[in-house]
Amino acid sequence: MSTRIAFLKGHGTENDFVIVPDPENAVDLPPAAVATLCDRRAGIGGDGLLHVVRSAAHPEAAEMAAEAEWFMDYRNGDGSVAEMCGNGVRVFAHYLQRAGHVAEGDITVATRAGVKRVHLAKNGDVTVGMGKAVLPEGDVTVSVGEHSWPARNVNMGNPHAVAFVDDLGQAGNLFTPPPVTPTSAYPDGVNVEFVVDRGPRHVALRVHERGSGETRSCGTGACAVAVAAARRDGADPAVTGTLTTYTVDVPGGRLVITERPDGGIEMTGPAVIVAEGEIDAEWLAAVRL
Ligand SMILES: N[C@@H](CCC[C@H](N)C(=O)O)C(=O)O
């Protein structure tokens with residue numbers, strides 16, 4: 001009988017993930033295996049994969065183990081590694097609670113972008129302390145076909161280019177990554193958000209994610225958009241001393257993003273587990289060859 005590897009499937013505002021619980025970091029997940037697991041025809045299907053590992057058992061997280069027991073080893077759908085995934089952290093924390101590893105309330109999760117504080121609310125919402133946005137100097141430009149827009153360079157642990165457009169349809173089909181220039185601004189690639197206004201401090205986005213293509217939501221992208229919109233609107237909590245909250249509609253739902261006067265950003269949204277099952281380990285081993 002072949003060995004089985006447990007998995008779950010979940011999503012946060014329809015940004016969907018294959019979840020692989022692997023406390024002792026015993027499951028080998030090379031890029032080809034991740035890409036096949038995330039493939040919607042050849043595998044389970046997902047925008048990305050959440051490898052759930054004890055921090056102490058993972059070389060990239062061992063030094064965070066004292067602060068956070070669990071490490072979110074996040075991978076994009078093409079198998080590449082990314083620093084951070086905002087929707088992923090919510091789903092990851094929800095999984096930890098469902099599995100009985102943590103209780104409702106405040107927990108910490110180690111990520112490649114540092115330790116994140118997460119609040120698991122009674123109503124099922126999950127709030128993540130996403131840290132501060134970094135806004136590198138210098139103009140960037142996003143293009144789709146003949147159109148191009150000035151964009152804001154925002155780093156939320158991972159890189160984003162945020163372009164305000166007249167209509168989300170202008171983003172086109174987003175099958176391929178929209179060119180962003182200068183490419184030197186993003187040596188490791190970039191996630192691209194297209195944004196329109198929906199009302200006061202209320203925007204909507206479409207996104208092309210590095211390593212995943214167009215997705216129905218991006219948590220770090222929503223935070224980058226909220227900060228870019230706030231600066232465009234002349235709102236900077238560090239200057240006014242007040243909280244700034246933006247509602248960000250994504251194709252898969254709604255996220256609420258608050259920036260504090262100290263620059264800390266909090267994101268609140270849902271997290272859902274939809275299924276669980278077993279992966280055939282022999283099949284997965286063959287994928288690696
Ligand atoms: N969907 C994520 C972002 C995942 C990583 C991204 N594709 C990258 O390569 O930086 C989110 O919710 O933040």
Side-chain angles (χ1 to χ4, degrees), residues 9-19 31 34-35 37-38 45-51 60 71-95 109 111-114 116 118 125-134 136 140 142 151 153-162 174-178 180 185-195 205-228 246 248-257 265-272:
K9 177 77 194 285
H11 74 89
T13 49
E14 298 180 5
N15 191 190
D16 63 339
F17 309 100
V18 178
I19 303 162
V34 172
L37 286 170
C38 290
D47 296 325
L49 182 142
L50 306 174
H51 184 206
E60 289 182 79
F71 173 53
M72 179 180 76
D73 173 18
Y74 173 79
R75 317 290 183 84
N76 284 319
D78 69 354
S80 60
V81 167
E83 305 88 335
M84 179 54 187
C85 178
N87 290 321
V89 173
R90 292 200 319 279
V91 174
F92 187 97
H94 176 60
Y95 161 73
V109 174
T111 75
R112 291 190 177 85
K116 304 298 173 193
V118 180
D125 273 354
V126 185
T127 300
V128 186
M130 298 285 288
K132 297 180 184 182
V134 175
V140 293
V142 169
N153 184 349
V154 184
N155 192 294
M156 284 303 312
N158 58 351
H160 295 267
V162 179
L174 288 181
F175 290 155
T176 52
V180 182
Y186 299 105
D188 300 318
V190 62
N191 301 286
V192 185
E193 287 82 25
F194 297 85
V195 189
L205 68 75
R206 283 179 64 198
V207 59
H208 180 100
E209 282 195 42
R210 176 181 67 169
S212 300
E214 180 168 20
T215 61
R216 291 183 60 75
S217 180
C218 177
T220 50
C223 294
V225 162
V227 171
Y246 277 75
V248 181
D249 290 347
V250 294
R254 176 169 286 183
L255 295 165
V256 177
I257 316 293
I265 294 169
E266 287 178 356
M267 172 185 60
T268 300
V272 184

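Start at 1 and go down the list; that is how both ligands and their atoms are numbered.
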For side-chain contact (heavy atoms from CB on, under 4.5 Å), just list the numbers for V180 and H208, CA-CA rounded to whole Å, side-chain angles, deciding distance to a tenth of an Å, and then say yes or no. CA-CA 12 Å; V180 182; H208 180 100; over 6 Å; no

Take V256 and E266 through the test side-chain contact (heavy atoms from CB on, under 4.5 Å) and record every step on the way to the result. CA-CA 8 Å; V256 177; E266 287 178 356; over 6 Å; no

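Minimum interatomic distance between N76 and Y74 (heavy atoms only, all atoms of both residues): OD1-OH, 3.0 Å. Nearest heavy-atom pair, K116 versus M130, reported as atom, atom and distance to 0.1 Å: NZ-O, 3.4 Å. When all heavy atoms are compared, the tightest approach of E14 to H11 is N-ND1, 2.9 Å.
The closest side-chain donor-acceptor pair between S217 and N87 falls under 3.5 angstrom.
Within 4.0 Å of ligand 1, heavy atoms belong to protein residues N15, Y74, N76, A82, M84, C85, G86, N87, N158, N191, E209, R210, C218, G219, T220.
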